[in-house]
Amino acid sequence: MKKMTLIFTIIGMAILYSCGGSPAANKMADEMCAVMEKCKDDEPMSMVEAASDINDIKKKKDEYGEVTEIQLMRVMRKKCPEGWRKYNSLSGK
């Protein structure tokens, strides 16, 4: 019985993390959403600053090294749909 509980716990956590539910993905998405909020389509300099801030966030390997692009996109799409669209346009996706 304990083995079954352990197996279901591991499977549940794997599903949660693969769906973008990890605490690290949520924290990274919060930072990315804040950056994208400052990014204005009619202000090219804000886009340059946003790109620089995004690079700074992605350099935080200790905090966000385990977060996949898919996880980040899923969380951003839920938390800040407009920021997610801006990020996709900046990253050329």
Side-chain angles (χ1 to χ4, degrees):
M1 187 67 168
K2 287 184 180 181
K3 284 185 179 181
M4 291 295 283
T5 304
L6 179 62
I7 290 171
F8 285 123
T9 302
I10 291 171
I11 290 171
M13 290 185 75
I15 290 170
L16 177 67
Y17 284 104
S18 69
C19 293
S22 77
N26 283 315
K27 187 176 176 190
M28 186 176 187
D30 287 341
E31 286 193 43
M32 294 290 281
C33 289
V35 167
M36 297 318 298
E37 241 178 68
K38 297 186 286 185
C39 185
K40 308 292 181 211
D41 292 334
D42 57 342
E43 295 178 22
M45 194 60 195
S46 72
M47 292 183 190
V48 172
E49 290 171 0
S52 174
D53 291 345
I54 289 169
N55 283 334
D56 291 342
I57 292 169
K58 288 186 174 186
K59 287 179 185 176
K60 296 180 180 180
K61 297 293 183 191
D62 292 341
E63 290 180 71
Y64 306 132
E66 301 284 322
V67 177
T68 65
E69 188 78 13
I70 292 169
Q71 287 176 317
L72 178 62
M73 292 297 97
R74 284 182 181 157
V75 177
M76 280 184 72
R77 194 176 317 145
K78 289 178 186 174
K79 288 188 174 211
C80 59
E82 186 61 31
W84 173 75
R85 281 187 215 93
K86 287 179 186 178
Y87 176 77
N88 281 337
S89 69
L90 271 179
S91 61
K93 296 181 181 183

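The first residue in the sequence is number 1, and the count goes up from there.
Across all non-hydrogen atoms, the minimal contact from Lys40 to Ser46 is N-OG, 2.8 Å. Of all non-hydrogen atoms in Leu72 and Ala25, the two that sit nearest each other are CD1-O, 4.5 Å. The shortest heavy-atom contact between Ile54 and Met36 is CD1-SD, 3.9 Å.
To the nearest 0.5 Å, atoms CG (Asp41) and CE (Met47) are separated by 4.5 Å. Distance check, rounded to the nearest 0.5 Å: CD of Glu49 to CD of Glu43 gives 9.0 Å. To the nearest 0.5 angstrom, Met32 atom CE is 4.5 Å from Tyr87 atom OH.
Residues forming a side-chain hydrogen bond (donor to acceptor under 3.5 Å, both in side chains) with Arg77 (at least two apart in sequence, or on another chain): none.
Heavy atoms from other residues, nucleotides or ligands lying under 6.0 Å from CG of Asp62 number 12 at most.
Residue pairs meeting the salt bridge (Lys or Arg N to Asp or Glu O under 4.0 Å) criterion with at least one member in residues 23-36, sequence neighbours excluded, are Lys27-Glu63, Asp30-Lys79, Glu31-Lys60. Pairs of residues two or more places apart, or lying in two chains, that qualify as disulfide bond (SG atoms under 2.5 Å apart) and include a residue from residues 51-90 are Cys33-Cys80.
Screening Arg74, Lys78, Met76 for a side chain to side chain contact (heavy atoms under 4.5 Å, CB included) with Trp84, the sole residue that qualifies is Met76.
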Between Met73 and Asn88, is the side-chain contact (heavy atoms from CB on, under 4.5 Å) condition met? List the steps.
CA-CA 9 Å; Met73 292 297 97; Asn88 281 337; 3.7 Å; yes
